[in-house]
Amino acid sequence: MADVAKGGTRTRKASQTNTPLLNEYGKLPPQALDLEEAVLGALMLQKDAYSQVCDYLKPECFYKDAHRYIYTAIMNLSSKQDPVDMMTVTEQLRKDGKLEEAGGPYYVAQLTSRVVTSVHIEYHARILAQKYLARELIRFSTDIQNKAFDEKTDVDDLMQEAEGALFEISQRNVKKDYTQINPVIDEALRQIEVAANRADGLSGVTSGFHDLDKMTSGWQRSDLVIIAARPAMGKTAFVLSMARNMAESNSPVALFSLEMSNVQLVNRLLVNVCEIPGEKIKNGNLDKYEWEQLHHRVRKLFDMPIYVDDTPSLSIFELNTKARRLVKEHGVSCIIIDYLQLMNASGMNFGSREQEVSMISRSLKQLAKELNIPIIALSQLNRGVESRTGDDKRPQLADLRESGAIEQDADMVLFIHRPEYYKITEDKQGNSLIGLAEIIIAKHRNGAVGDVRLRFKSELAKFMNLSGDYESGFSPEGIVHESKFNSEADFESQAPTSSDLPMMPMPDNSNPF
């Protein structure tokens with residue numbers, strides 16, 4: 001091959017020489033051709049070598065084209081459980097029509113002579129995988145840089161594309177290695193001891209609802225929990241009630257709302273905490289005692305470790321970034337998403353919306369494992385519930401909307417069902433169902449399934465324990481129960497006067513995102 005003009009670099013084909021090509025910046029792309037030869041040689045000499053590297057070493061990890069063809073031939077032989085040696089690889093390359101492009105029989109035979117020892121093949125293979133990731137990052141950054149210089153490119157679209165492409169690269173990273181069982185047993189015993197030392201006996205993050213916590217032992221670390229219901233069942237009210245309970249038990253919680261603004265969410269929390277009907281909160285038409293009640297009870301919300309984000313059409317890549325920061329900087333112990341079907345995976349191409357939702361649910365599960373916290377995602381149900389006749393309006397797993405992958409990826413699937421909404425006011429035993437909500441645990445990977453009943457006050461958008469509002473141990477000090485606030489006279493006779501109340505602090509407008 002001829003050299004390029006004066007002062008130029010040599011530009012020989014990588015498949016025919018060990019001299020790597022220089023990139024446009026005059027630097028060699030990350031590569032290790034000597035290790036590529038050693039790994040391929042060891043694969044043809046050592047009987048079970050392929051099983052040691054197949055999880056993370058792919059054909060594209062090889063920088064030289066000839067080496068990719070040879071490794072592909074080794075893969076094909078191993079998949080058929082055929083012997084892998086110099087002769088069988090040569091024959092497989094001939095069948096694939098790649099023998100000459102791989103350098104011919106002589107080059108394949110020569111690779112076996114490059115092996116000093118096959119003992120370190122796994123270590124060498126990991127180096128090749130890392131070199132490949134480095135090349136991919138260079139390619140990715142160069143592509144994004146070129147598009148950023150193009151004035152016709154929409155920057156927001158480019159950022160979404162960049163997030164998607166970077167996410168794809170990260171998924172090709174070297175997989176976590178196996179762990180001998182002893183340290184895992186130690187960690188399991190430590191968690192059991194922590195649960196035993198807790199007064200509530202829970203091993204996870206509390207929901208604040210007694211019977212639900214008994215069945216789940218709290219929301220468990222690394223679990224993806226799906227809470228699904230038809231519209232008007234109270235999904236948002238349910239998670240807001242939980243978020244309040246979590247925060248009052250000193251468990252920081254983050255709430256991503258794709259449907260409501262931050263102010264709307266806080267208004268819902270005010271209704272929940274202050275026990276003033278939502279319509280009055282919305283229009284400000286409060287009586288004197290209700291203003292006093294609002295100012296008195298709203299103090300509980302200040303400085304609560306609740307972090308809200310109302311980014312519309314949030315992408316899974318944005319969520320990953322924000323979630324990692326929340327856990328690192330604020331110690332968030334649970335993330336709530338309202339709701340899953342409003343998320344997107346911008347920057348990646350999918351054949352259908354169902355495939356996109358599948359990717360989102362799978363990514364949420366991966367994020368829960370990475371951050372080691374529970375992620376609770378709300379989900380819509382399809383209209384199958386309404387189409388069922390009679391009194392059988394209870395949701396089923398088949399009613400999950402848009403993707404069966406949601407059911408597969410989730411560790412728990414819960415449904416919210418309020419029979420009263422469907423004009424069903426009594427159960428089969430004649431017991432009243434008015435003001436009751438059923439939390440149906442339809443899937444529980446690590447525990448029991450069943451039903452839990454809660455009280456629901458629609459005018460307050462509030463879920464409560466059947467045995468009382470504040471019996472879960474989260475009763476705000478100095479707050480009179482709702483039953484004693486039936487009139488202005490009652491309030492004035494029992495509640496502190498305005499002169500006794502401290503000045504309300506101004507809300508912190510800083511955004512952790």
> Within the distance-only criterion (no hydrogens, no angle test), does the side chain of Asn146 pair as donor or acceptor with the backbone N or O of Thr142 below 3.5 angstrom?
Replying inline: yes

### Task
Verify the distance criterion only: is there a donor paired with an acceptor across the side chains of Asp338 and Ser257 at less than 3.5 Å?
no

Does Arg135 have more than 12 heavy atoms from other residues, nucleotides or ligands lying within 6.0 Å of its CZ?
yes

With distance as the sole test, does Ser361 use its side chain to make a donor-acceptor pair with the main-chain N or O of Ser358 at under 3.5 Å? yes

Between Met242 and Ser207, is there a side-chain heavy-atom distance shorter than 4.5 Å?
yes

When rounded to the nearest 0.5 Å, the distance separating CG of Leu40 from NZ of Lys64 is 10.0 Å

TODO: Could you tell me whether a side-chain N or O of Arg299 sits under 3.5 Å from a main-chain N or O of His296, the two making a donor and an acceptor?
DONE: yes

task = Go through Ile441 and Asp451 one step at a time and tell me if the side chain to side chain contact (heavy atoms under 4.5 Å, CB included) criterion holds.
result = CA-CA 6 Å; Ile441 304 177; Asp451 299 351; over 6 Å; no

Sequence neighbours excluded, the answer for side chain to side chain contact (heavy atoms under 4.5 Å, CB included) partners of Val263 is Ser261, Asn267

For the backbone of Met233 and the side chain of Arg418, can you confirm whether one donor and one acceptor N or O come within less than 3.5 Å of each other? yes

Those residues at least two apart in sequence (or on a different chain) that pass salt bridge (charged side-chain N to carboxylate O under 4.0 Å, His left out) with Lys365 are Asp411

Those residues at least two apart in sequence (or on a different chain) that pass side chain to side chain contact (heavy atoms under 4.5 Å, CB included) with Ala247 are Met304, Pro305, Ile306

task: Taking atom CZ of Phe140 as the centre, report whether more than 12 heavy atoms of other residues, nucleotides or ligands fall under 6.0 Å from it.
output: yes

Taken in chain and number order and not counting sequence neighbours, the residues that satisfy salt bridge (charged side-chain N to carboxylate O under 4.0 Å, His left out) with Glu438 are Arg394, Arg453

Requested in this report: Can you establish whether the number of heavy atoms outside Lys443 located under 6.0 Å from its atom NZ is more than 12?
Outcome: yes

### Message
Within the structure provided, determine whether Leu269 and Leu265 are in side-chain contact (heavy-atom separation under 4.5 Å).
### Response
no

- Under 3.5 Å, is there a donor-acceptor pair between the side chain of Arg230 and the main chain of Leu381? yes

From the list Leu378, Ile375, Ile376, side-chain contact (heavy atoms from CB on, under 4.5 Å) partner of Val225 resolves to Ile376

Residue set satisfying side chain to side chain donor-acceptor pair (under 3.5 Å) with Asp310, at least two apart, ordered chain then number -> none

Here the pair of heavy atoms bringing Thr216 nearest to His444 is CA-CE1, 4.0 Å

Worksheet item: Would you say the side chain of Leu255 lies within less than 4.5 Å of the side chain of Asp309, judging by non-hydrogen atoms?
Response: no

Taking the side chain as every heavy atom from C-beta outward, state whether Pro30 and Ile138 have any pair of such atoms under 4.5 Å apart. yes

Arg324 meets the salt bridge (charged side-chain N to carboxylate O under 4.0 Å, His left out) criterion, sequence neighbours left out, with Glu370

Hits for ring-ring contact (aromatic ring centres under 6.0 Å, His included) against Phe62, two or more places apart or cross-chain, chain-then-number order -> Tyr71

Taking C-beta and beyond as the side chain, do Leu397 and Phe415 meet within less than 4.5 Å on heavy atoms?
yes

To the nearest 0.5 Å, atom OG of Ser241 lies from atom NZ of Lys457 at 12.5 Å

Q.
Would Asp186 and Arg190 count as a salt bridge (Lys or Arg N to Asp or Glu O under 4.0 Å) here? Give the steps.
A. CA-CA 6 Å; Asp186 292 338; Arg190 188 192 65 80; over 6 Å; no

With sequence neighbours left out, the residues meeting side chain to side chain contact (heavy atoms under 4.5 Å, CB included) with Ala243 are Val253, Ile336

| query | Within a strict 4.5 Å, meaning less than it, do heavy atoms of the Ile74 and Ser78 side chains meet? | reply | yes

Practice problem: Begin with the C-alpha distance, continue with both residues' side-chain angles, and end with the deciding distance and a verdict on side chain to side chain contact (heavy atoms under 4.5 Å, CB included) for Leu414 and Ile226. | Solution: CA-CA 6 Å; Leu414 295 84; Ile226 299 295; over 6 Å; no

*May I ask you to test the Glu356-Met359 pair for a side-chain heavy-atom distance under 4.5 Å?*
no

When Leu224, Asp409, Asn320 are each screened for side-chain contact (heavy atoms from CB on, under 4.5 Å) with Leu364, the one that passes is Leu224

*Are there more than 12 heavy atoms of other residues, nucleotides or ligands under 6.0 Å from atom CE of Met215?*
yes

When every non-hydrogen atom of Gln220 is compared with those of Gly204, the smallest separation belongs to NE2-N, 3.6 Å

Smallest heavy-atom separation, Gly208 atom then Asn465 atom, equals O-ND2, 3.2 Å

For Asn446, the side chain to side chain contact (heavy atoms under 4.5 Å, CB included) test, sequence neighbours excluded, returns Asp223

Query raised in the report: Are the side chain of Ser222 and the backbone N or O of Asn372 linked by a donor-acceptor pair below 3.5 Å?
Result: no

- prompt: Any sub-3.5 Å donor-acceptor pair from Glu318's side-chain atoms to Ser315's backbone N or O?
  reply: yes

Heavy atoms of Ile416 and Pro395 approach each other most closely as O-CG, 4.5 Å

Asp34 meets the salt bridge (charged side-chain N to carboxylate O under 4.0 Å, His left out) criterion, sequence neighbours left out, with none

query = Quick one: do the Ser379 and Lys235 side chains pair a donor with an acceptor below 3.5 Å?
reply = no

For the pair Thr311 and Phe256, evaluate side chain to side chain contact (heavy atoms under 4.5 Å, CB included) and give the outcome as yes or no after the intermediate values. CA-CA 8 Å; Thr311 303; Phe256 290 86; over 6 Å; no

Decide yes or no for Leu436 and Leu466: does some side-chain heavy atom of the first lie under 4.5 Å from some side-chain heavy atom of the second?
-> yes

In terms of heavy-atom contacts, Leu43 and Val53 come closest through CD2-CG2, 4.1 Å

- Apply side chain to side chain contact (heavy atoms under 4.5 Å, CB included) to the pair Ile439 and Leu454, showing each step before the final yes or no. CA-CA 8 Å; Ile439 308 301; Leu454 301 175; 3.8 Å; yes

Residue pairs meeting ring pair (Phe, Tyr, Trp, His ring centres under 6.0 Å), one or both in residues 216-249, sequence neighbours left out, come to Phe209-Phe238, Phe238-Phe463

The side chain to side chain donor-acceptor pair (under 3.5 Å) partners of Arg68 (sequence neighbours excluded) come to Asp65

Partner of Glu36 under side chain to side chain donor-acceptor pair (under 3.5 Å), picked from His124, His67, Lys131, is His67

Heavy-atom nearest pair, Leu258 first then Leu314, reads CD2-N, 3.5 Å

Here the gap from Gln341 atom CD to Ile406 atom CD1, rounded to the nearest 0.5 Å, amounts to 5.0 Å

